[in-house]
Amino acid sequence: MIETGARGWWLGARVGEVLAFSLLGVVAQAQTPDFAFFADLRPTLARENDRRVVYRWYDLDGRPSVVGFRLILESGNRVTVSQRIRRVDTDADTEALDEYFIESRGFWRLGKQYLPFGAGTILRPSALAARVDTNLLYEDAPIKIALADNGKGRSRGVAGRIGGNFGLSFAYGDSWGIEATDLTAFQLPKEALGRDRGYQLALGADTTLFWRGVTVVGEYVVLRNGESPDDKDLDLSVLRITAPLLPTRLKLTGEWARDWTDQRDYYRFTGDVPVSRALTWHPFVRFEGTKVKDFGLVSHVRL
């Protein structure tokens, strides 16, 4: 177990100072930097496996509806701050802010952010972190690595990904896989493991292929060293194919997720229905084996 509670407080304080001094610097400048508000909304109406019709402010992958702003500083560095409209009740992340970080794009990022791991189909961890993007000397392969600390009982340690369209990922430390954005191919976001659960080690391989408008994403992840007796070792995979439905502008995504440990299969079918520049509908249905797990409609609004 990595004992880094004090480091987490220190890192949080440093992030706050960096953001504060950046904003003070902007105010002191004569020239106003680029500033833009944004909204990324994902209201979802669904019927879940308990046969209740529910309305959520997050989509089927646990991604929340957020509002926020982006700021480009005179130095070229960028500040991003976004706030959730509503969090998932069972999420280990209790903060109202979804992300807040300052970055030099392609080089480094400091603050709360989503960490580099795989294709994001199995694990999509979020943490207060310091991240570096660079290239390996050998083969010039891109590498993203982050030192993260969300505090005791939550995700902390080191995570990263090496590679481009084919990549290898790792996360080592405490409580990986506990958030509402994790393991959503195998469970509902509200079924997130939560605080003091998860795994100390995650290893993964992923690839993304493109062919005549078709996108194929494959990912395999192993989770080891559970934090509790309920967190048994897992071997998980996801295969996702997205294809256009010509001659329309519609797209269809089919996904097969398999829990190799328990020999369980999960299937998902999702449509992309553009309504306007700002609005896309995503009707979906998910199965656990032959049983419907949930179905509904995500309205994705970008402003």
Side-chain angles (χ1 to χ4, degrees), residues 40 42 59-63 99 103 105-107 109 113-127 129 131-136 138-146 148 158-172 176-177 179-187 189 201-223 234-246 248-260 265-274 280 282-286 298 300 302:
D40 191 346
R42 302 172 186 267
D59 68 8
L60 60 167
D61 284 317
R63 291 172 294 191
E99 290 186 289
E103 66 177 340
R105 297 186 70 179
F107 296 98
R109 179 182 291 180
Q113 58 193 279
Y114 287 93
L115 305 182
F117 189 97
T121 66
I122 298 177
L123 292 184
R124 191 170 179 261
S126 170
R131 166 178 155 179
V132 174
D133 295 3
T134 185
N135 291 280
L136 293 177
Y138 177 72
E139 295 292 341
D140 200 34
I143 178 172
K144 301 176 182 179
I145 188 167
V158 60
R161 183 180 184 274
I162 303 170
N165 288 344
F166 174 79
L168 300 174
S169 298
F170 64 91
Y172 175 73
W176 298 104
E179 298 179 39
T181 50
D182 293 324
L183 307 177
T184 54
F186 309 90
Q187 62 189 22
L201 176 66
L203 299 173
D206 69 275
T207 186
T208 301
L209 305 174
F210 304 95
W211 180 75
R212 295 188 177 182
V214 177
T215 303
V216 179
V217 178
E219 185 165 14
Y220 194 98
V221 171
V222 299
L223 299 172
L234 292 176
D235 290 64
L236 308 171
S237 68
V238 168
L239 177 63
R240 180 181 294 173
I241 301 175
T242 301
L245 299 179
L246 301 176
T248 71
R249 298 171 56 212
L250 308 180
K251 293 182 179 180
L252 178 65
T253 298
E255 178 182 290
W256 169 46
R258 182 165 176 83
D259 180 341
W260 295 92
D265 295 298
Y266 303 81
Y267 305 96
R268 175 195 302 187
F269 298 94
T270 308
D272 279 29
V273 184
T280 303
H282 300 287
F284 69 90
V285 60
R286 295 193 289 187
V298 179
H300 189 188
R302 291 181 176 178

Determine whether [X] and [Y] make a side-chain contact, defined as any pair of heavy atoms from C-beta on separated by less than 4.5 Å.
| X | Y | result |
| --- | --- | --- |
| Arg240 | Thr121 | yes |
| Asp272 | Thr242 | no |
| Leu209 | Asn165 | no |
| Phe107 | Asp133 | no |
| Val238 | Glu255 | yes |
| Val298 | Phe284 | yes |
| Gln113 | Glu103 | no |
| His282 | Arg42 | no |

Separation of Leu239 CG from Arg258 CZ (nearest 0.5 Å): 13.0 Å

Separation between CG of Leu123 and CG of Leu183, rounded to the nearest 0.5 Å: 5.5 Å

Residues forming a salt bridge (charged side-chain N to carboxylate O under 4.0 Å, His left out) with Arg161, sequence neighbours excluded: Asp206

Passing option when Ile122 is tested against Val221, Thr184, Asp182 for side-chain contact (heavy atoms from CB on, under 4.5 Å): Val221

Results of ring pair (Phe, Tyr, Trp, His ring centres under 6.0 Å) for Phe186 - residues two or more places apart only: Tyr266

